[in-house]
Chemist: 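Here it is, the structure in full.
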Amino acid sequence: MKSEKFATAAVYQWVAHTRSSKFFTFSFLTLQLRTMTEEIIISGFGGQGVLSMGKILAYAGIMEGKEVSWMPAYGPEQRGGTANVTVIVSDDMVSSPIVSSYDTAIVLNQPSLEKFEPQVKPGGAIIYDGHSIIQPPKRDDINVYRIDAMEEAARTGNSKVFNMLVLGGYLKVRPIATVEDVVKGLHKALPERHHKLIPMNEEAIRRGMELIKKMN
Amino acid sequence: MTREELIIPENRIYGKPTLMNDTPMHYCPGCSHGVVHKLVAEIIEEMGMEEDTIAICPVGCAVFAYRYVDVDWIEASHGRAPACASAIKRLWPNKLVFTYQGDGDMACIGTGETIHALNRGENIAMIFINNAIYGMTGGQMAPTTLMGMKTATCPYGRQADLHGYPLHITDLAVNLEGTCYVTRQAVNTVANIRKAKKAIRQAFENSMNKKGTSLVEIVSTCASGWKMTPEQANQWMVDNMFPYYPLGDLKNTVVNEK
Amino acid sequence: MDNQKDFVLLKGNEAIAKAAIRYGYDGFFGYPITPQSEVLETLAADKPWETTGMVVLQAESELASINMLYGAGCTGKLVFTSSSSPGIALMQEGLSYMAGNELPGVIVSVGRGGPGLGTIQPGQADYYQAVYGGGNGDYNTIVLAPNSVQEMCDCMGKAAELTFKWRMPVIVLSDGMIGQMMEKVELPPYRPRRTDEEIAKQCPWATNGIGLKNRKYNFMSTLEFDPAVMEERNQKMAAKYHQVEAEEVDYELYRVDDDTEYLIVAYGISSRISMKAVDLLRETGVKIGMLRPKTLWPFPNKIISQLSERIKSILCVEQCEGQMINDVRLATEGQATVFHSGRSGGMVSSPMEVVEDFKSMAREKMSNNWPKGYWMK
């Protein structure tokens, strides 16, 4: 699938063929610079905490005063199936909650990597879990990051913080929200009875920030 | 003594309930509906519930019930009266809410709504007029039509292989935990009318006391549908309907509580 | 940050439920169906019967749900149900009864791919179902089309107002995507439910027994034996419908100005996708804008007619094989050519697909030989 930027260029060329060129004083890039918009896909197996990680990220965005959308690919309820969610965090109103290319792809299993690697915008980032991926990303026009979150979770014997480790890694490379705002978001996202778990999650986010490694 | 001198309140020994208006009924001569309507009107009046009654009529012969008894009526779509009543009673818990349905409405097209309202134990009363035939549409087979009985859509008599068996919805209701009072009555004699009135009154009181769902089946005649005179119809009902649908209380948890 | 408005992150379906509690709804009656089950789930979890006194009941079917709505509407209560495409199909009879008796009631339709059982992914193939209705007889229902989670929330308030103002059912036509996606929402303040006295005052027509000793009894019936009387009832309702058409049309224009050359018409989720497509095309110098009907019935005919006096190519974006496109065509009164863009069956267009479809449309226009009514695929 074409990336949006590429396709926009195609529109540009096509219009240039048919219309006077005086229209083209703005480029697609100026749009990118004018406002911050981060389009993220998080994808993995059901049960890995993909959807809740997206939700916490979206809440953190709200805490930062940004506009957000969280759009899951939903299907019949089942365990272990693939789950993915598109999260958009932006200074402006989010128009389409679905997009065809992403600034960042967080892939937590091999099928997700194969599906979403081609859809990362040039200059964008892909973050993968070292244990879950056998064939790492090959593209050289994007930033590739690896985080060994599964191993860390297994080492500490706390598999529940897996997604928070990954989230920490993400926030390290794309600091769209501070850890403080994520914690505030956790307070909002989690029911009161789970608030005692927040310090453990915060710790995992900070640990994830240390774990992430750039691979290219 | 003149006529005017005779017709004075002190001499009155019987009267039409005031909730019954003077609109001429559309029911055929000999039909049980008129009697049951009168009982309903009498009971509401006796209970002083005029301003607190929401009545739900069906699609079928009783579709025009609202014309005759001066309380607020809702005409539900075919078979959905129990659903309609369930919502109303939950939203207006202090009102008397009852449905008035025929066999096609309650035991055929609306079986699902009937069973589920009974099973949820909605605090409503359901009056079920069972005349074993579709009266309004011209005498077709009903779910309660007896084996061998002839109707417009089983002109050679009801047969199990062609039409299946009569549905004993009242007997089904007995087994549902939500029901508190299930009874089968008739209005063919004065004695039976009195018993039926007592049964309906108890059903209404159960609704107000939030005891669960009450179902009062009235085994009824349909002289026109059965193609008989009113007198023949009454006799036919005694001879054929009563053995199949025996009268009496089938379940009464409210009495057991006392 | 703390002085910000108190935003919460909610799914569209959750917003519907929470908004209904806060807008003082008296009851909800519904049956589970994907992708709207969170409405009932949220209501069950929030237990409004302990706080506002709102009744929540899981019905045995959609047939029962709509007839519960019918009964409640008859007594002047503010109630709603929600369902998805096949469930809404089952409700059509009840809707016709409600419209025929001029009853209030709010129906939330969270559309998915069809026909039949279809898919559980988002769809907009229920435009006809909502706008033209599958119930029998001469009737209309107001149809609101939210395009964000915030609007899902706001629509519950607007629907509550309109349904009593006009005494007709109001459908909130959404889709699986808006139902399932999360966005930040500012919930309305709690509004108390109306008291029995207020209901009696607002709804003197209601069949709830209140004040019966001082008035004639009320009844709700759609059955008439005399066709002349039925015609009279229909004419009365038609007059009301014309008034609604004159007063309640609502729409939004996005990047439409005096020299706009192309127009996209889209509602619901398609309008969100199309906004991005408009942005992408505007960046390349294409003078394109979007019109979004916020009410599908009454439909914004007038503005479309006015715009099509100068805009000759319109792209109607909807996630079905083309339903609203026919209303857009009628609204243009033949002054513009309308093209279709969209996926169906649960597939959803990406903004780039809309851009591609626009390019094909414009190419057709350039080559100047496109046939009238050409459906672009």
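Residue numbering restarts at 1 for every chain, and letters A, B, ... go by the order of the sequence lines.
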Chemist: Below 4.5 Å, heavy-atom pairs only: which of C:I269, C:N147, C:I273 has the largest tally toward chain A?
Modeler: C:I273

Chemist: With sequence neighbours left out, what residues match A:D129 under side-chain contact (heavy atoms from CB on, under 4.5 Å)?
Modeler: A:L108, A:H131, A:S132, A:A149, A:M150, A:F162

Chemist: Taking atom CE as the centre, does A:M93 end up with more than 12 heavy-atom neighbours from other residues, nucleotides or ligands that are less than 6.0 angstrom away?
Modeler: yes

Chemist: Tell me, please, which residues at least two apart from A:V179 pass side-chain contact (heavy atoms from CB on, under 4.5 Å).
Modeler: A:V183, A:E202, A:I205, A:R206, A:M209

Chemist: Hey, could you give me each pair passing salt bridge (charged side-chain N to carboxylate O under 4.0 Å, His left out) that has a residue in residues 185-197 of chain A? Not counting sequence neighbours.
Modeler: A:K188-C:D6

Chemist: Heavy-atom pairs under 4.5 Å with chain A: which of C:S271, C:S274, C:S270, C:P122 has the most?
Modeler: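 Highest number of heavy-atom pairs under 4.5 Å: C:P122.
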
Chemist: Does a side-chain heavy-atom distance below 4.5 Å link A:V94 with C:S148?
Modeler: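 The answer is no; the side chains never approach within 4.5 Å.
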
Chemist: Once rounded to the nearest 0.5 Å, what's the spacing between atom OG of A:S101 and atom CE of C:M352?
Modeler: 8.5 Å

Chemist: Looking at C:D259, I want to see if its CG is surrounded by more than 12 non-hydrogen atoms of other residues, nucleotides or ligands under 6.0 Å.
Modeler: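 Enclosed.
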
Chemist: Using a strict 4.0 Å threshold on nitrogen-to-oxygen distance, state whether A:E39 and C:K276 make a salt bridge.
Modeler: yes

Chemist: Does any backbone or side-chain atom of A:V87 lie under 4.5 Å from a heavy atom of chain C? Answer side chain, backbone, both or neither.
Modeler: neither

Chemist: Using non-hydrogen atoms and a 4.5 Å limit, figure out which bit of C:V278 sits close to chain A: side chain, backbone, both or neither.
Modeler: neither

Chemist: Where the side chain of C:K11 meets the backbone of A:W70, is there a donor-acceptor pair that is under 3.5 Å apart?
Modeler: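 Not at all, since once roles are kept as given, no pair shorter than 3.5 Å links the two residues.
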
Chemist: Count the heavy atoms belonging to other residues, nucleotides or ligands that lie under 6.0 Å from CD of A:E67, then report whether that count exceeds 12.
Modeler: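 Counting neighbours around CD of A:E67, more than 12 heavy atoms of other residues, nucleotides or ligands fall under 6.0 Å, so yes.
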
Chemist: Within a reach of under 6.0 Å around OH of C:Y31, are more than 12 heavy atoms found that belong to other residues, nucleotides or ligands?
Modeler: no

Chemist: Tell me, out of A:S96, A:G54, A:A189, who's got the most heavy-atom pairs with chain C below 4.5 Å.
Modeler: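 Ranked by heavy-atom pairs under 4.5 Å with chain C, first place is A:S96.
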
Chemist: What's the spacing between A:I98 CD1 and C:E353 CD if we round to 0.5 Å?
Modeler: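 Those atoms lie 8.0 Å apart.
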
Chemist: Taking every heavy-atom pair that is under 4.5 Å apart, which of A:G61, A:G185, A:S69, A:A58 has the most such pairs with chain C?
Modeler: A:S69

Chemist: What are the two closest non-hydrogen atoms of C:F7 and A:I62, and how far apart are they?
Modeler: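 That would be CB-CG2, 3.9 Å.
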
Chemist: Could you name the residues of residues 173-180 of chain C that have a heavy atom within less than 4.5 Å of a heavy atom in chain A?
Modeler: C:G176, C:M177, C:Q180

